[in-house]
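Every chain is numbered from 1 and lettered A, B, ... according to where its sequence line falls, protein lines coming before strand lines.
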2 protein chains.
Amino acid sequence: MPVLRSDAARSRARILDVARRHDPGALRFNDLAREAGVGVGTVYRHFPTTHALVEALTLDTLERLRVLVRAALAESDAGTAIADLLRAALDLQLEEGGLQPVLLSAEDESDEVHEAKQEILGGFEQILVRARAAGVVRPDLSTEQVEHLVCGMEHAVRLGASSDREPYLEILLAGLRPV
Amino acid sequence: MPVLRSDAARSRARILDVARRHDPGALRFNDLAREAGVGVGTVYRHFPTTHALVEALTLDTLERLRVLVRAALAESDAGTAIADLLRAALDLQLEEGGLQPVLLSAEDESDEVHEAKQEILGGFEQILVRARAAGVVRPDLSTEQVEHLVCGMEHAVRLGASSDREPYLEILLAGLRPV
DNA sequence: CCCGAAACGGATTCTCCATCCGCTTCTGCG
DNA sequence: CGCAGAAGCGGATGGAGAATCCGTTTCGGG
């Protein structure tokens, strides 16, 4: 990443700025270009694919999640750690619609995103290991399955008019406990 | 519905037949037309919108679900009834990708679909009432919330490589139980 | 100030969606 | 049977959006 030329940095910032005001699931490069006052070519140069743009938009949120994972790792009670983390992950996904695709996608286009995801997923695995050991999460569930469950819960919350995630989170946590 | 002319019935059947071999989430009318050996106009005449086509494709599955709801209503144990029904609903959704959109959509384009949905949703509500009364489902959850949870579970199962829905179903049922 | 590299922009091409209307096929009736 | 007109057909067509390509402009180090 050889430092951006000043005009390039300006364009990039404008595009991201405009993109943030759009539904992350329906980004139209031509519209973004017009609204940002740049050519379409410029948008495509900065973000070769929609996914690259979504990653860039999501990076902040991803960093926030990374911090929350560190906090959870520092928490001594395994039950509290996992409950807090799942709540945070769900909230962030609800707040930033682009987060779920980024977390689920196997191919990361940006190194920063890749690195953040590595730490997040690794940390999550750790916390889950502790939670299993402490008997607050069923030992027969894989890390992936729990990740998928969080995504499923996001989906469920989004289907409702009110987006009160608390009942859904309770159900998830109760369901995860060993029988 | 004033009975179809013979050529119209043939076209309709061909289109549905071809559509069934496609991903319900990515139906391209031009492709269907070519593969079915009819003009695009014909496809649009029979199914003015993608949703209308999905409804038609889904009707069989919807009827199956209706039958399963009746069976659940006849079951005397409320816990068994709801567990069986949720399992069935999840399985049908996984099997027929178009089912979730049809169940969730508020506007039904076909009367048959509307009627089936009425019975299904009404019956489900009944079963849920009994389940709450029997103490197998938390009383603070609305019918809609439970519906959304099933959809969320479908989403979660689909994210995984293996589509073994059993663990997800167990988690859902455990989570639904009162604390 | 100059020059090569970097970035820009938008015309253009390609693909896919959806409509419209002249032509064909069906069917019921005389 | 054969005809009339209703019903259905089909694909050319116009429109919208995606993505590319290349001549022009801008930047910044020497």
Can you list, pair by pair, the side-chain donor-acceptor contacts under 3.5 Å of residues 167-179 of chain A, counting residues two or more places apart and other chains?
from      : atom 1 : to        : atom 2 : distance (Å)
Glu170(A) : OE1    : Arg138(B) : NH1    : 3.2
Glu170(A) : OE1    : Arg138(B) : NH2    : 2.9

Can you find an N or O donor on one side and an acceptor on the other, under 3.5 Å apart, linking the side chain of Asp7(A) with the base of dA7(C)?
-> no
Quickly work out the Leu27(B) CG to dA18(C) P distance and round it to whole Å.
-> 12 Å
Phe47(A) CZ to dT20(D) P: how many Å, rounded?
-> 16 Å
Going by modelled atom types, is there a donor-acceptor pair between the base of dA6(C) and the side chain of Arg5(A) at under 3.5 Å?
-> yes
On DNA chain C, nearest-nucleotide positions of Arg10(B) versus Val40(B): which is more 5'?
-> Val40(B)
Select base, sugar-phosphate, or nothing to describe what Arg12(A) touches, counting heavy atoms under 4.0 Å on all strands.
-> nothing
Phosphate OP1/OP2 of dC9(D) contacted by Ser11(B) side-chain N/O (<4.0 Å) = yes
Determine: side-chain N/O of Asn30(B) to OP1/OP2 of dC17(C), distance under 4.0 Å, yes or no.
-> yes
Specify the residue among Asp31(A) and Arg45(A) whose closest nucleotide of DNA chain D lies further upstream toward the 5′ end.
-> Asp31(A)
Contacts of Arg20(A) that satisfy side chain to side chain contact (heavy atoms under 4.5 Å, CB included) - sequence neighbours left out = Leu16(A), Leu57(A)
Among dA18(D), dG8(D), dA18(C), which nucleotide sits nearest the side chain of Arg28(A)?
-> dA18(D)
Picking from Arg165(A), Arg158(A), His155(A), Glu154(A), what satisfies side chain to side chain contact (heavy atoms under 4.5 Å, CB included) with Gln93(A)?
-> Glu154(A)
Round to a whole Å and report the spacing from CZ of Phe29(A) to P of dG9(C).
-> 16 Å
same_hphob_cluster(Leu159(B), Val146(A)) at 4.5 Å side-chain heavy-atom cutoff = no
Which of the following nucleotides, dT19(C), dT27(C), dC9(D), is nearest to the side chain of Tyr44(B)?
-> dT19(C)
Among dA18(D), dA18(C), dG9(C), the one nearest any side-chain atom of Thr42(A) is dG9(C)
Of the candidates dC26(C), dG8(D), dT20(D), the side chain of Ser6(B) sits closest to dC26(C)
Between Leu32(B) (CG) and dG10(D) (P), how many Å, whole number?
-> 14 Å
Give the rounded distance in Å between these two atoms: CZ of Arg34(A) and P of dA11(C).
-> 14 Å
Reckon His46(B) has a side-chain N or O less than 4.0 Å from the OP1 or OP2 of dC9(D)?
-> yes
Could you tell me whether Glu166(B) and Arg87(B) make a salt bridge, using a distance below 4.0 angstrom between a side-chain N and a carboxylate O?
-> yes
Rounding to a whole Å, what distance do you find between Leu4(A):CG and dC27(D):C1'?
-> 12 Å
